[in-house]
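Each chain gets a letter, A, B and so on, in the order its sequence line appears, and its residues count up from 1.
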Amino acid sequence: MMRMSLLATALALAGPPAMAQQVVGDAIPASLTGQPGDPARGRAIVASRSTGLCLLCHAGPIAEERFQGDLAPTLAGAGSRWSEGQLRLRIVDGSRLNADTIMPPYYRASGLNRVARAFEGKTILSAGQVEDVVAYLATLKD
Amino acid sequence: MTFVRGVLCLVIVLASSWAVAQGTADKGGADTRRSGYQDMGEALQKMQADDTANPGMLFVQLGGQLWGKAAGAAGKSCADCHGGVASMKGVAARYPAIPKGSDSPVDLEGRIDLCRTANQQADRLPSGSRELLALEAYVAHQSRGLPVSPPDDPRLAPFRAHGKDLWQARQGQLNLSCANCHDDNAGRKLAGVTIPQAHPTGYPIYRLEWQTLGSLKRRLRNCLVGIRAEPYAYDAPDYVMLELFLMDRARGMPLESPAVRP
């Protein structure tokens, strides 16, 4: 069991999605790593301008980041609007729900054009990072 | 990343569709096009408007010196062929254009490069070099205040159309198109920065973040890097095609070179 999930994490860090994610309705119910994420790490990813990039477009309850975007709905309350599975699909690949969305697909490495060499074949976040972000968003209850 | 700068401001100006961003295309309606100038704070607007404060004017001065300086095997200066720089009035307002004897468009930088290599028989000035930017700024400055006036040359149409395709194509790891930001979300805040409509009216610009003058190509490369797309090669025709599209979109708007941007 331990070995399995370590392997999954290693593959995910190497770039392309390690396993097909099971989409059920508008959600991915199962953790991508088989493990729960860590909300504190998730908060740091969401706040980061080089990792999560979330606050470029969204506002959120992260007071120390003064410059937040207004291209997207606020992240405040995301955890009461959506289940963890619904949040997971929206982060993995929001285009599966809205083909025109501008939200980047954080855990999809295929079907992209002219990706910079440094990022080619890689997902924006690793599976573990997606889980951390999901765990953080789930705490945003209002 | 370079997108993240500026001050938080609560005013949201929406240019929410292509038709609106097009402005004049909407006959009879108000022209809603805005230069990046209008989105800047008052201090920066003043800096741009005041020639003694605008750092771009130093490059215009350097361009003036280079204009009169002989170069290359032909031993000729720009002035030897063109006379006073007043002959350059309106030129920047109609580029990119197709030079005589060619069948593909060049931008102003490319036109200067042709004069350098063919007429002066000198080494080319590298894209982004101080000298090339200075000459470009000197020439573009002669069109300050004149309306963008793309030439009525039907051969440009396919290049412009390709530029529009590039504009609308999603690219990069973030999977965004230029239009996603500059047509659909112009006026909104990307982190702290107001997304401009991306009119190419100020170039070359003095950008505070660069602390120097820079070309439209440099600006476009910044946006490509921002969405984690591979920038086009420095000599790729894609920049010229995007510029053709952007100049048509900005038709009639006044040129501002050298503009100042944050």
Side-chain angles (χ1 to χ4, degrees), chain A residues 15-17 46-60 62-75 90-126 129, chain B residues 1-18 39 165-196 220-233 236 238-239 242 262:
Chain A
V46 170
S48 157
R49 304 203 147 164
S50 49
T51 314
L53 313 163
C54 314
L55 300 183
L56 285 182
C57 297
H58 291 272
I62 298 187
E64 72 274 17
E65 286 298 326
R66 284 201 301 138
F67 301 125
Q68 307 190 346
D70 66 9
L71 271 52
T74 175
L75 296 178
R90 278 153 183 79
I91 291 157
V92 164
D93 187 1
S95 74
R96 295 209 219 171
L97 298 167
N98 169 12
D100 296 328
T101 190
I102 57 167
M103 174 142 162
Y106 278 88
Y107 196 63
R108 161 158 77 87
S110 58
L112 303 172
N113 304 310
R114 305 195 64 264
V115 174
R117 270 190 280 280
F119 297 104
E120 223 177 307
K122 298 185 179 139
T123 56
I124 304 171
L125 296 180
S126 68
Q129 287 174 319
Chain B
M1 63 188 274
T2 68
F3 290 134
V4 187
R5 271 179 307 98
V7 249
L8 192 65
C9 152
L10 295 172
V11 184
I12 299 168
V13 187
L14 263 179
S16 56
S17 71
W18 171 242
D39 294 326
D165 290 344
L166 294 175
W167 176 260
Q168 290 174 331
R170 300 249 191 175
Q171 53 177 316
Q173 195 192 33
L174 303 193
N175 200 33
L176 291 167
S177 69
C178 316
N180 282 154
C181 284
H182 294 294
D183 285 336
D184 302 340
N185 286 291
R188 293 198 177 157
K189 293 285 184 188
L190 188 70
V193 179
T194 301
I195 300 177
L220 301 188
R221 291 178 71 88
N222 278 189
C223 280
L224 288 165
V225 168
I227 56 177
R228 301 184 177 175
E230 186 65 22
Y232 309 110
D238 306 69
Y239 297 109
L242 270 169

Student: Heavy-atom distances under 4.5 Å only: say whether A:Ile102 touches chain B with side chain, backbone, both or neither.
Tutor: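 For A:Ile102, heavy atoms of backbone and side chain both lie under 4.5 Å from chain B.
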
Student: Could you state the interatomic distance from CG (A:Asp100) to CG (B:Asn180), rounded to the nearest 0.5 Å?
Tutor: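 Interatomic distance, A:Asp100 CG to B:Asn180 CG, rounded to 0.5 Å: 9.0 Å.
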
Student: Provide the closest heavy-atom pair for A:Arg49 versus B:Ala191 in the form atom of the first, atom of the second, distance.
Tutor: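 Shortest heavy-atom separation between A:Arg49 and B:Ala191 comes out as NH2-CB, 4.2 Å.
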
Student: Looking only at atom types and distance, does a side-chain atom of B:Glu230 sit under 3.5 Å from a main-chain N or O of A:Arg117, one as donor and one as acceptor?
Tutor: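 Yes; judged by distance alone, with no hydrogens or angles, the pair exists.
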
Student: Tell me, side chain or backbone of A:Thr101 under 4.5 Å from chain B's heavy atoms, or both, or neither?
Tutor: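 Answer is backbone: N, CA, C or O of A:Thr101 sit under 4.5 Å from chain B.
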
Student: So do A:Arg114 and B:Tyr232 actually touch side chain to side chain, heavy atoms under 4.5 Å?
Tutor: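 They are in contact (side-chain heavy atoms under 4.5 Å apart), so the answer is yes.
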
Student: Which heavy atom of B:Leu174 sits nearest a heavy atom of A:Pro104, and at what distance?
Tutor: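 For B:Leu174 versus A:Pro104, the nearest heavy atoms are O-CB, 3.6 Å.
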
Student: Within the distance-only criterion (no hydrogens, no angle test), does the side chain of A:Asn113 pair as donor or acceptor with the backbone N or O of B:Arg170 below 3.5 angstrom?
Tutor: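 At least one qualifying donor-acceptor pair exists.
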
Student: Taking all heavy atoms of A:Cys57 and all of B:Leu190, pick out the closest pair and write down the distance.
Tutor: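 Reported closest heavy-atom pair: SG-CD1, 4.2 Å.
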
Student: Could you give the distance from CG (A:Leu112) to CZ (B:Arg228), rounded to the nearest 0.5 Å?
Tutor: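 One gets 12.0 Å once the value is rounded to the nearest 0.5 Å.
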
Student: What's the spacing between B:Lys189 NZ and A:Gln68 CD if we round to 0.5 Å?
Tutor: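 Those atoms lie 13.0 Å apart.
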
